[in-house]
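In listed order, ligands and their atoms are each counted from 1. All values reported here derive from a predicted model rather than from experimental measurement.
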Amino acid sequence: MQTENTLALPVGITLDRFIKSQQDAFPYATGELSQLLRDIALASKIINREINRAGLIDITGALGRDNVQGEAQQKLDIIANIRFIRALVNGGQVVGILSEEDNEITQTNNHYAKYVVAMDPLDGSSNIDVNVSIGTIFSIYRRISPIGTPATEADFTQGGRKQIAAGYILYGSSTIMVYTTGKGVNGFTYENSLGEYFLSHADIKMPKTGNIYSVNEAYFNEFPNYIKEFIEEMRQKSGCMARYIGSLVGDFHRNLLKGGIYLYPPTRKAESGKLRLFYECYPLAFVIEQAGGKACDGREDILDIIPQKIHQRSIIYLGSDELIDNLEEKIKTHNHLMIKQLELV
Ligand code: P6P
């Protein structure tokens, strides 16, 4: 069925042909974004190969140092970061890169490039050693700094609704690249023997509701009461399932296809949330909204959060339309009661 969002293209066409067909649908497209998406796909193919042989060539495990987030860097984190940066530098379409693994913005010296990329090159990397799915998350903006100059922080801090493309690659039982350019969401499964991505999930639409909730229950006692109540209500739903693999891309992708909600509420250790706004929250919020789901932090839509610092974190709830509405209604009631109680003081 053709929707206003996507061209009716047969499942099974290659990612390259799909990108080209989408470019043809944009009258002023000049091919740079298409090339950038191909560069990202190329880097993911290389990382896919590294991941698949990680146990054999001693690139699993920790590197023995922390990243800017204070998290133990895994060897594959660094390899993935290097591969993506190299692919984006050589591809020539990106003037600057914001990576979870680097404190500063990486300048590519492609000063005449139109785009900047924010990325988590390998999310969930603590799962690498135990063969649990991991992922890459990316977000693309059109630069606002003058062509011919280096990238600036302002190129990145435009806000979530200024993203022109976003997506992820999930290295799981199969490797799938899912992305949006604002015209719907499509998924491409990688065929190793051919080295190609093929359209396998055309025009993904998230179910309006769902029975799956994904949260780290170890922090249950630290959550705000309205989150505890929401989780208790989810547990009462017939067919309710708790599914949490500790790898954001894996939890997100399952819920996107089956319906459900992923929650990372405030905890004692992460009062502003754990996930990073620029290269986890914004891109997945763009994808989920394009697929008919919702993303908020309990106060506003994720895409409306005004960015402050390039490595800032956010509370995040990513889910089916009705589940997010239920949660936001609960938060609103809670806040209303709080105000009433304060008025009585
Ligand atoms: P916790 C991995 O470090 C990550 O960023 C996401 O992939 C994952 O969903 C989350 O953190 C897990 O965090 O606190 O439950 O271990």
**Asked** For ligand 1, does D251 get within less than 4.0 Å through its side chain, its backbone, both, or neither, judged by non-hydrogen atoms?
**Response** neither

**Request:** May I ask you to test the K269-Y219 pair for a side-chain heavy-atom distance under 4.5 Å?
**Result:** yes

**Message:** Can you confirm whether more than 12 heavy atoms, excluding those of R161, are under 6.0 Å from its CZ atom?
**Reply:** yes

**R38 with D16: basic N within carboxylate O range, under 4.0 Å** = yes

**Message:** Show the atoms of ligand 1 that are less than 4.0 angstrom away from any heavy atom in L275.
**Reply:** 5 (O)

**Prompt:** Given E271 and R268, is the salt bridge (charged side-chain N to carboxylate O under 4.0 Å, His left out) satisfied, shown in steps?
**Reply:** CA-CA 6 Å; E271 288 177 1; R268 269 198 294 273; over 6 Å; no

**Request:** Please identify which atoms of ligand 1 are closer than 4.0 Å to at least one heavy atom of E280.
**Result:** 5 (O)

**Asked** Can you list the atoms of ligand 1 that are under 4.0 Å from a heavy atom of R276?
**Response** 5 (O)

**Complete:** For L248, the atoms of ligand 1 under 4.0 Å from one of its heavy atoms are 6 (C), 7 (O), 8 (C), 9 (O)

**Prompt:** Should Q22 and I19 be marked as a side-chain contact (heavy atoms from CB on, under 4.5 Å) after you check the CA-CA gap, both sets of side-chain angles, and the distance that decides it?
**Reply:** CA-CA 5 Å; Q22 286 227 313; I19 291 172; 5.8 Å; no

